[in-house]
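We use all heavy atoms of the structure for the numbers below, so side chains are in, but hydrogens, waters and symmetry mates are not. Within every chain, numbering begins at 1; the chains are lettered A, B, ... in the order of the sequence lines, protein sequences first and strands thereafter.
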2 protein chains.
Amino acid sequence: MRRNLATALEMEGFGVLTAENDVVGVATAKAELPDLIVCDVMMPELDGYGVIKELRADKATATTPFIFLTAKGEKPDIRAGMNLGADDYLTKPVVKADLLAAIRARFEREAARERELDSRIEEARRFAPNFDSPAPLEQKLGLTPREAEVLLWVAQGKSNGEIAVICGAAEKTVKHHLTQIFQKLGVEGRNAATLQALEVLSTQ
Amino acid sequence: MRRNLATALEMEGFGVLTAENDVVGVATAKAELPDLIVCDVMMPELDGYGVIKELRADKATATTPFIFLTAKGEKPDIRAGMNLGADDYLTKPVVKADLLAAIRARFEREAARERELDSRIEEARRFAPNFDSPAPLEQKLGLTPREAEVLLWVAQGKSNGEIAVICGAAEKTVKHHLTQIFQKLGVEGRNAATLQALEVLSTQ
DNA sequence: CCGTCTATCAGACCAAGGTCCCAGTTGGCT
DNA sequence: AGCCAACTGGGACCTTGGTCTGATAGACGG
């Protein structure tokens, strides 16, 4: 049965790993991190429910698509399997076409999620430091409020003169704050300070 | 039936929206973007299969957990529903406990995915400009190879003298490249140029 | 009341950044 | 052969950045 299934899937172009029982299956799943898991319910030690519980509890396999394929086709069996976080539940007898369709459907579903995830990551990784408030600089870099304010403008490429105008202080004062900042950050020059500030303002 | 179900869910603390048929259901789902959808199969115009096809085709609802709850409980019906990307399929008669458990299981599954996604976003949003290659600067900012190289080091906080050593050129030459760079980027000073460079190097 | 922290500012001084003008070399394209 | 773009450098010159020393003033807690 298992061999039949494996060869059928391989003929469709899938890479297949098999395991002879529940315990071995959990181990190989955690080791190989497959893209999808097909699993029976009736097995000696953990049984299928135990397998999915184990896999769902492990961060690495918690979101792996998981399909039950079993002769235990009573409603309570199905509900138990699905409620443990299975993604589909096929009851024997199963024709090859159904299994393939189910697998493809789960892959398609996973692909849709992946697309959404990609766009959200794309969004997140955009270079967008938040120049709204000097508070993060004050806290994360241990600066005084005024120093944080000055650094906020330095990080935006302002010159000391401009910052003096913006903050309503003399350029000398700005310079003084800057030396304090450089010392606290352990850097030389406004460039290195800017890099640190951007790091803080980007990760938030 | 629908009212029964809605009040039952509301009593469990869920916010519930209802729709009297397939077409209205699709419209409200697209408008309100619910966290989960429960849907019958037998409906006048689209039927349940049409509903899920529509929703899966729309980027905004493509990954919303979707549960069929219907009297059409024959195996081919179930397979059809699941293969269209449903996440669970409950056949009437359904006891309240089963529905609640199914909903909670889907939410839990979604939460697990969300946790994984959060960690991946956290990874991605880290401030990590890629200083490996000047090529992006050359292309996206319209610089010559040498100019891009100089800017790459400027963006890392190097002084003109240091860059001269690194690039094996006279400081005068570095300065000359910099004036070219400033002109091309339309900025004054290395700070503003650094900001533009980091933007390019961060978004990749 | 006194010390500490924060913010303010000044003068002197040097290093670094940046501009302007100019000029030689290489390499590819026509 | 001639041209153009890129890379290279020099000299003169000014601006900005940054340090050092030193000083005043309000706020705040012990």
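Heavy-atom distances under 4.0 Å link DNA chain C to A/Ala169, A/Ala170, A/Lys172, A/Thr173, A/His176, A/His177 of residues 167-183 of chain A, given in residue order.
The 12-atom threshold is not exceeded at NZ of A/Lys59, counting heavy atoms of other residues, nucleotides or ligands nearer than 6.0 Å. For A/Lys53, the NZ atom counts as loosely surrounded, since its 6.0 Å shell holds 12 or fewer non-hydrogen atoms of other residues, nucleotides or ligands. Enclosure of atom CD in B/Glu188 is not indicated, since only 12 or fewer non-hydrogen atoms of other residues, nucleotides or ligands lie within 6.0 angstrom.
The distance from atom NZ of B/Lys158 to atom C1' of C/dA16 is 16 Å, rounded to the nearest whole Å. One interatomic measurement links the two molecules: CD of B/Glu188 to C1' of C/dT19, which rounds to 11 Å at whole-angstrom precision.
Here the CD atom belonging to B/Glu12 is positioned 4.5 Å from the CG atom belonging to B/Leu100, to the nearest 0.5 angstrom. Here the straight-line distance linking atom CD1 of B/Ile37 with atom CG of B/Leu69 works out to 13.5 Å at 0.5 Å rounding.
Contact footprint of chain A on DNA chain D: nucleotides with an atom under 4.0 Å from a non-hydrogen protein atom, first to last in 5' to 3' order, D/dG17 to D/dT19.
Nucleotides of DNA chain D nearest to B/Pro145 and B/Asn191 differ in position, and the one nearer the 5' end is that of B/Pro145.
OP1 or OP2 of C/dG17 has at least one side-chain nitrogen or oxygen of B/Asn160 nearer than 4.0 Å.
For the residue pair B/Ile163 and B/Val150, the shortest heavy atom distance occurs at CD1-O, 4.1 Å.
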Going through the distances and angles, do A/Glu45 and A/Asn21 end up as a side-chain contact (heavy atoms from CB on, under 4.5 Å)? CA-CA 8 Å; A/Glu45 302 191 38; A/Asn21 64 43; 5.7 Å; no

Could you go through B/Arg113 and B/Glu110, starting from their C-alpha distance and side-chain angles, then the distance that decides it, and tell me whether this counts as salt bridge (Lys or Arg N to Asp or Glu O under 4.0 Å)? CA-CA 5 Å; B/Arg113 288 209 182 80; B/Glu110 205 61 17; 3.7 Å; yes

